[in-house]
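Order of listing sets the numbers, starting from 1, for every ligand and every atom in it.
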Amino acid sequence: MVKKMEYNWKSWWRSLQRNNYFVIKLGASVLLVGLAFTLLYNRSSDFSPVSHAPFLENTQILAPPVISVNSQKNTDQIPTQVYAEYGTESRDNEGKCNLFIWGLGSLSGEPFYTNRSCSFIEDHQNCMKNGRMDTDYLYWRWTPRGCELPRLDPEKFLDLMRNKSWAFIGDSISRNHVQSFLCILSTVEKAIEVYHDENYKSRKWVFPSSNFTISVLWSPFLAEAAIFEDINGVSTSEIELHLDILDKNWTEQYKSLDYMIFSGGKWFTKTAIYYENNTPLGCHYCPKRNFTELGFNFAYRKVIRNVFDYIIASNHKGMIFYRTSTPDHFEGGEWFNGGTCKRKLPAKEGEFELNELNRILRDIELEEFEKASIKASENGVNFRLLDVSPLSLLRPDGHPGPYRFFQPFAKDKYAKVISDCLHWCLPGPIDSWNDILMEMIVNG
Ligand SMILES: *[C@@H]1O[C@H](CO)[C@@H](O)[C@H](O)[C@H]1NC(C)=O
Ligand SMILES: *[C@@H]1O[C@H](CO)[C@@H](O)[C@H](O)[C@H]1NC(C)=O
Ligand SMILES: *[C@@H]1O[C@H](CO)[C@@H](O)[C@H](O)[C@H]1NC(C)=O
Ligand SMILES: *[C@@H]1O[C@H](CO)[C@@H](O)[C@H](O)[C@H]1NC(C)=O
Ligand SMILES: *[C@@H]1O[C@H](CO)[C@@H](O)[C@H](O)[C@H]1NC(C)=O
């Protein structure tokens, strides 16, 4: 059961605005957004800079500090203790393992691949190559509480996926995930790229011997959107987001795909004007425009409801996942005012709580999924939740931090370097997302 918690986004927004410090931060960050993007993004990168955006202006402006004391115990959402043994309480009535209640972590997991053996790792997430020296984060493995989670068997998996096609649909975290997936499977056979768009945002690979294809489809809103950002991620105008039109980037391929993993979230916190029937309905964070402030939660709920309705009505015979949004771990500030993620160990119980922004996104995901999954199963559509949010919350040690760039402290060990505490190092913790996927596919 999902505990219902109603958020009043508007009162939260007003209370932030009442805070002078916030106003100063807001002013400063608008300037910094441009600066940071100019500093951070490297045009020669193989990947488009905009889409990396760990530093989405409004996410950063709105998000309160990440760490807060865990005062409220809600067993549905707060991660479970990680350093203690557990019994068998995470099995359901049929004795099946609940893959999303996490227990004992161990230092025993060898990474599937290394920065040397896998060529699919984007430079910004290749933490070892960029000079990160500590390695414990590569070995911590999480087990569901009280039951075993076998590791993905790449050989078996490729065999199982003969002639099948997959797509990861979403933003830069989906791309982070697809690279992890490709690295693991490529330990058996190297995937070959067969398609990429102009900016390498949407791509497709094939494993020749099993005729298995994997795509990543760039669709940060899952809905139709006009985005006015230059190559440095600086926007020249508000995003125009059509809440009632799904993005062709994925709908055009939907029927031909066997497995899909959708996700979204963070991009919704950006400044945007919301449209319905091609008519402006309101906006999010547009003080200079005469539109009703609707809140990003309004837009996110509307869009994922439309996505879910589309899935429910689709009569699709494959398997469709919605991956919950992942938390960031900035400490001591946000990305633009010195926030870092220097931890070298997973978090203990209650050390991190989802910040308000992440909690709002997650509550929408859980509430909408709960309703949709009932209708989907009535229609015979295999629609599943890949709830990586709680276990990702326990891994503040898994982000690139300053090692987004090559040897960031080479010239000056006290250099002020902007940290990426949102994306994940590869190899790294999100490799286990694939163990969960395989388990859900093989054992339901
Ligand atoms: C892998 O990381 C090591 C440092 O751990 C670095 O010396 C090496 O250049 C990296 N190799 C590649 C291919 O990224
Ligand atoms: C894969 O497709 C090929 C060609 O269409 C077919 O011969 C083969 O039987 C298929 N294999 C599976 C496991 O579906
Ligand atoms: C590869 O799989 C697709 C289905 O995804 C099938 O249409 C095609 O014939 C297969 N090709 C080969 C060479 O087996
Ligand atoms: C669809 O993908 C292209 C790149 O492949 C991208 O430029 C465009 O913004 C995407 N559409 C939406 C609505 O995000
Ligand atoms: C803003 O919109 C309201 C209602 O649509 C209208 O009454 C008002 O005149 C507008 N104000 C400006 C400055 O355009």
Fill in the blank from the handout: Note: ligand 4 atoms sitting under 4.0 Å from heavy atoms of Ala223 are 13 (C)
Completion exercise
One finds that the ligand 4 atoms under 4.0 Å from a non-hydrogen atom of Ser202 are 5 (O)
Ignoring hydrogens and angles, tell me if any N or O in the side chain of [X] forms a donor-acceptor pair with the backbone of [Y] under 3.5 Å.
X: Glu293; Y: Tyr285; answer: yes
X: Asn115; Y: Met128; answer: no
X: Asp420; Y: Pro400; answer: no

Practice task
Decide, yes or no, whether a salt bridge links Glu238 with Lys270 under the criterion of side-chain N to carboxylate O below 4.0 Å.
Solution key: no
Handout entry: Numbered atoms and elements of ligand 1 in range of Lys129, under 4.0 angstrom, heavy atoms
Key = 2 (O), 14 (O)
Handout entry: ligand 1 atoms in contact with Asn126 (distance to a heavy atom under 4.0 Å)
Key = 14 (O)
Practice task
Give, for atom CG of Asp171 and atom CZ of Phe221, the distance between the pair rounded to the nearest 0.5 Å.
Solution key: 9.5 Å
Completion exercise
Value for CG (Leu393) from CZ (Arg362), rounded to nearest 0.5 Å, stands at 9.0 Å
Practice task
Have a look at His124 and tell me which of Trp424, Tyr403, Phe405 forms a ring pair (Phe, Tyr, Trp, His ring centres under 6.0 Å) with it.
Solution key: Phe405
Completion exercise
Chain-and-number sorted residues having a heavy-atom contact under 4.0 Å with ligand 2 are Arg162, Asn163
Practice task
Name the orientation class of the two ring planes belonging to Phe383 and Phe308 (parallel below 30°, tilted from 30 to 60°, perpendicular beyond 60°).
Solution key: perpendicular
Problem - 4.0 Å heavy-atom contact, Phe221 with ligand 4 - result: no
Practice task
Say whether His423 and His399, considering side chains only, have a donor N or O and an acceptor N or O under 3.5 Å apart.
Solution key: no
Exercise for the section: Using a 4.0 Å heavy-atom cut-off, say whether Ile121 meets ligand 1 through its side chain, its backbone, both or neither. Expected result: neither
